[in-house]
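Chain naming here is simple, since letters A, B, ... match the order of the sequence lines and numbering starts at 1 in each.
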Amino acid sequence: MRPEARTRFAPSPTGLLHVGSVRTALFNYLFAKKNGGKFILRIEDTDRIRSKREFENGIMEDLRWLGLRWDEGPDAGGEKGPYRQSERIGIYTDTAGRLLENGLAYRCYCTQERLDALKREQLKAGSPPRYDGKCRTLSEKDVPAGVTPSIRFRVPEKRITFDDGVHGTLSFDSRLFGDFVIIGSDCIAAYNFAVVADDALMGITDIIRGDDHVSNTPRQILLFEAMGLRPPAFTHIPLVLDRDGAPLGKRHASASIKGLREEGFLPGAILNAIARLGWNPGEGRLGLDEMTGLFSVKRLSKSPSAFDMERLKAFNKEELARTDGAALLELAGLPVERGLLDAASAVKRNAITMKDFKTLITPFAGDVEISGDIRSMLMEPYARKVLDALRDSVFKAGLLDEMNYNEIIESVKQATGEKGKRLYLPVRGALTGQTEGIELAAILKLLGRDRVLKRISAFLA
RNA sequence: GGUCCUAUCGUCUAGAGGCCCAGGACGUGGCCCUCUCAAGGCCGAAACACGGGUUCGAAUCCCGUUAGGACCGCCA
């Protein structure tokens, strides 16, 4: 029987979570859920200088906000913890120690200077830069005193072939890379080593990660083999690019989840936009559970894709339209009241982001503030005439509803002789303080007779 | 420099040798509707990187070229 699927998302807390990493997280999450397995969050904070706890918290907050819940992680706990690499240093040392005992790794006393010089020469000679194995056969008596060694993995010469979930069979020659460091002279585990030790010990069965790790994979497979373990299944997904075709990095603030949230994008929309980068689950908005049902590595694309803001906007518009008024009011931090509920439902179709929604609902949520531009427009004689006529008309009308909106506007038209923008804009401006928004008939109705009269009067007084 | 990956409309993609003079979605242009912004309706422009093979037949398979990218660290 196939063991329970275990996938992991392993960000380093050195910046904000961006759409590229979220896609990786999403696919790992979907794969785990699809196969009834566990999704694990592991924090790769071995880089003490760049790693910050606030970034770690931010990443978890973003993940939770998006609805990507992990089964095991730094806060959630789990049997295979700890889930922060900084708390697993002993594990790496032990693992490396075992490799050392078996002769699968050795201590290297080479200085940084020698290594740098070696690399320079090799590059100059046009050969691939790699360690020459100087300390491979160092005998006890040749060990220099007072030097803290690094530990290098003794790379066996062989061809490494593995089956990648999206790329198919991939093959590498281990002679292309020299004996690489697994524990630095600062006693900190190197990336490739820590990852393998963790994936092995955490029982990760399937690794889904970016294409940029393809060339790390043969090294990692060698490490798994050295530990006497069967490597997990690897799936490398193409990188996400920005509009200019450059890989999406941490510098792109606009592509950070935090940034998108602040811009007023909803989790469902972001998830849908991201899911379609290299995956085609068909048209239409999908929930996480639906995505889970549809997910298949076989449907993943081989070529890189670009994150498209316009697409996100389209999804967000759809998301807003399908979210009910009460939920939107809550999101906007507004009281869920009857009057506002109707306004929320009326207004949401006109909004792309929550920012828009907040702007559009403002006229119904409290007193309007009239900006200078609109104020001066309202001071024009024609505008005052229109407002004056509107006040009379509304005053005479009973309740305001869509049936008598036409009559009211018609009578204002008659009384003033104005039409088009000169007729409608003063009305919209005085009632909402805005020059665009939902249709006027709805505005009159939602505002109600009293508020309409009050707002007009404020200008005529 | 070496190894490896990738290549269909502006973008995301459908396409597993004939169903494709390439389909959909977002965006975009025009028209209708209209007080505005949207929404909605209708119509349109828009792509198989290039060159060679293989085949009766190629977007699809093979090779090369070009272009982009990743990796080659005591960074992750």
Side-chain angles (χ1 to χ4, degrees), chain A residues 10-14 44-47 49-51 85 108 110-112 115-116 119 122-131 148-152 164 166-167 170-173 175-178 180-195 210-219 236 238-239 241 243 245-247 273 275-284 298 301-315 317 321 347-352 356 360 409 418-429 432 434-441 443:
Chain A
S12 40
T14 54
E44 306 212 328
D45 56 351
T46 49
D47 184 339
I49 301 148
R50 291 192 298 155
S51 295
Q85 287 192 330
C108 172
C110 291
T111 60
Q112 193 60 53
L115 262 18
D116 288 344
K119 188 173 168 182
Q122 286 169 328
L123 246 20
K124 219 168 86 184
S127 51
R130 57 186 162 119
Y131 183 60
T148 316
S150 61
I151 300 175
R152 285 185 186 271
D164 185 276
V166 337
H167 296 286
L170 260 23
S171 183
F172 295 83
D173 190 335
R175 275 171 302 191
L176 261 11
F177 34 87
F180 53 90
V181 170
I182 55 177
I183 302 274
S185 54
D186 53 2
C187 296
I188 291 182
Y191 170 76
N192 276 311
F193 184 62
V195 165
D211 260 354
D212 49 342
H213 290 289
V214 169
S215 22
N216 282 325
T217 308
R219 262 168 271 253
H236 290 97
L239 265 18
L241 315 173
R243 204 195 257 93
R276 277 160 179 90
L277 264 22
W279 181 39
N280 178 31
E283 299 297 334
K298 286 197 180 65
S301 152
K302 286 178 174 183
S303 50
S305 44
F307 178 66
D308 183 9
M309 213 46 185
E310 295 306 319
R311 197 91 187 284
L312 208 217
K313 285 183 188 167
F315 274 119
K317 194 184 285 177
V347 136
K348 68 182 185 183
R349 288 202 157 274
N350 284 50
I352 291 175
D356 302 332
L360 288 167
I409 287 296
E418 297 292 355
K419 59 175 183 176
K421 288 191 177 184
R422 285 167 66 92
L423 169 65
Y424 294 104
L425 224 46
V427 177
R428 180 179 290 280
T432 67
Q434 298 167 0
T435 53
E436 35 188 72
I438 60 171
E439 52 193 346
L440 272 179
I443 291 173

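Residues Val214(A) and Thr435(A) both approach RNA chain B. Their nearest nucleotides, taken by heavy-atom distance, put Val214(A) toward the 5′ side. The nearest heavy atom of RNA chain B to Ser301(A) and to Leu239(A) marks one nucleotide each, and the one closer to the 5' end goes with Ser301(A).
In the set C35(B), U6(B), C74(B), the nucleotide with an atom closest to the side chain of Tyr424(A) is C35(B). Considering only the side chain of Leu115(A), C74(B) comes nearest among A70(B), C74(B), C4(B). Listed candidates were C71(B), A76(B), G69(B). Nearest to the side chain of Glu44(A) is A76(B). Looking at the side chain of Asn350(A), the nearest of the listed nucleotides C37(B), A76(B), C5(B) is C37(B). Here the side chain of Ala306(A) is nearest to one of U11(B), U3(B), A70(B), namely U11(B). Which of C4(B), C74(B), G27(B) sits closest to the side chain of Ala314(A) comes down to G27(B). Of the candidate nucleotides C74(B), U13(B), C35(B), U13(B) has the atom nearest to the side chain of Asn280(A). Checking A39(B), A76(B), C5(B) against the side-chain heavy atoms of Lys317(A) singles out A39(B) as nearest. Among the nucleotides U8(B), C5(B), U11(B), the one closest to any side-chain atom of Asp308(A) is U11(B). Among C4(B), U11(B), C35(B), the nucleotide with an atom closest to any side-chain atom of Glu439(A) is C35(B).
For the P atoms, the distance from A14(B) to A25(B) is 15 Å, rounded to whole Å. Here, C9(B) and G24(B) have their P atoms 16 Å apart, quoted to the whole Å. Rounded to whole Å, the P atom of C21(B) lies 31 Å from the corresponding atom of G30(B). The same atom, P, is picked in G64(B) and in A46(B); the two are 34 Å apart, to the nearest Å. Look at the C1' atom in both G69(B) and U54(B): the space between them is 30 Å, to the nearest Å. Here the separation of C61(B) from C74(B), taken at their C1' atoms, is 46 Å to the nearest Å. Comparing the same atom, C1', in A67(B) and in A76(B) gives a spacing of 28 Å after rounding to whole Å. Distance check on atom C1': U55(B) versus G18(B) gives 12 Å, rounded to whole Å.
Ser303(A) comes within 4.0 angstrom of the backbone, heavy atoms only, and of no base. As judged by a 4.0 angstrom heavy-atom cut-off over every strand, Lys313(A) is placed among residues making no nucleic acid contact. Among the atoms of the strands shown, none is found under 4.0 Å from any heavy atom of Gly284(A). Using a 4.0 Å heavy-atom criterion, one finds that Phe172(A) contacts the sugar-phosphate atoms exclusively. Heavy atoms of Pro238(A) sit nowhere under 4.0 angstrom from any nucleic acid atom. At a threshold of 4.0 angstrom between heavy atoms, the contacts of Phe177(A) with the nucleic acid are absent. Heavy atoms of Leu176(A) sit under 4.0 angstrom from primed sugar atoms or phosphate atoms, though from no base atom. Residue contacts for Cys187(A): at a heavy-atom cut-off of 4.0 Å it reaches no nucleic acid atom on any strand shown.
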* Show your reasoning for whether side chain to side chain contact (heavy atoms under 4.5 Å, CB included) applies to Phe307(A) and Leu312(A). => CA-CA 9 Å; Phe307(A) 178 66; Leu312(A) 208 217; 4.0 Å; yes
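The interatomic distance linking Asp356(A) (CG) with A39(B) (P) rounds to 12 Å, in whole Å. Rounded to a whole Å, the CD atom of Glu283(A) is 14 Å from the P atom of C12(B). The CG atom of Leu241(A) sits 10 Å away from the P atom of U13(B) (whole-angstrom rounding). Rounded to a whole Å, the NZ atom of Lys119(A) is 17 Å from the P atom of G1(B). We find that CG of Leu277(A) is positioned 8 Å from P of C12(B), with the value rounded to whole Å. Per the geometry, CD1 belonging to Ile352(A) stands 12 Å off C1' belonging to G27(B), to the nearest Å. Per the geometry, NE2 belonging to His167(A) stands 14 Å off P belonging to C71(B), to the nearest Å. Computed from coordinates, the Leu360(A) CG to U36(B) P distance equals 16 Å when rounded to whole Å.
Of the nucleotides present, U66(B) is the one that pairs with A7(B) by Watson-Crick or G-U wobble criteria, both distances under 3.5 Å. For G17(B), there is no paired base (Watson-Crick or G-U wobble, both distances below 3.5 Å). Checking U28(B) for Watson-Crick or G-U wobble geometry (two distances, each under 3.5 Å) identifies G44(B) as its partner. The partner of C71(B) is G2(B), judged by Watson-Crick or G-U wobble contacts that both fall below 3.5 Å. Nucleotide C37(B) forms no Watson-Crick or G-U wobble pair with any nucleotide shown, as no partner meets the under 3.5 Å limit on both distances. With a cut-off of 3.5 Å on both pairing distances, U55(B) has no Watson-Crick or G-U wobble partner at all.
Taking both residues in full, the closest heavy atoms of Arg428(A) and Gly437(A) are given as NH1-N, 3.3 Å, listed atom of the first, atom of the second, then distance. When all heavy atoms of Ser185(A) and Ser150(A) are compared, the pair lying nearest together is N-CB, 3.8 Å.
With hydrogens and angles disregarded, no donor-acceptor distance shorter than 3.5 Å links the side chain of Ser12(A) to the backbone of Thr14(A). Side chain of Asp164(A) to main chain of His236(A): a donor-acceptor pair is present (N/O by atom type, distance under 3.5 Å, no hydrogens or angles). Although no hydrogens or angles enter the test, the distance criterion places no donor-acceptor pair under 3.5 Å between the side chain of Lys302(A) and the main chain of His167(A).
With a 6.0 Å cutoff to the six-membered ring centre and a 45° limit on the axis angle, Arg152(A) does not count as a cation-pi contact of Phe180(A).
OP1 or OP2 of A76(B) sits under 4.0 Å from a side-chain N or O of Thr46(A). OP1 or OP2 of C74(B) has at least one side-chain nitrogen or oxygen of Arg152(A) nearer than 4.0 Å.
Distance check: Leu239(A) CG to Asp212(A) CG gives 5.0 Å after rounding to the nearest 0.5 Å. Between atom NZ of residue Lys313(A) and atom CD1 of residue Ile352(A) there is a gap of 6.0 Å, rounded to the nearest 0.5 Å.
No N or O donor and acceptor, one from the side chain of Asn216(A) and one from the base of C71(B), sit under 3.5 Å apart. Evaluation of atom-type donor-acceptor distances gives no pair under 3.5 Å for the side chain of Ser305(A) against the base of C12(B). A donor-acceptor contact under 3.5 angstrom links the side-chain atoms of Arg428(A) to the base of C35(B).
Under a 4.0 Å N-O distance rule, the pair Lys119(A)/Asp116(A) does not qualify as a salt bridge.
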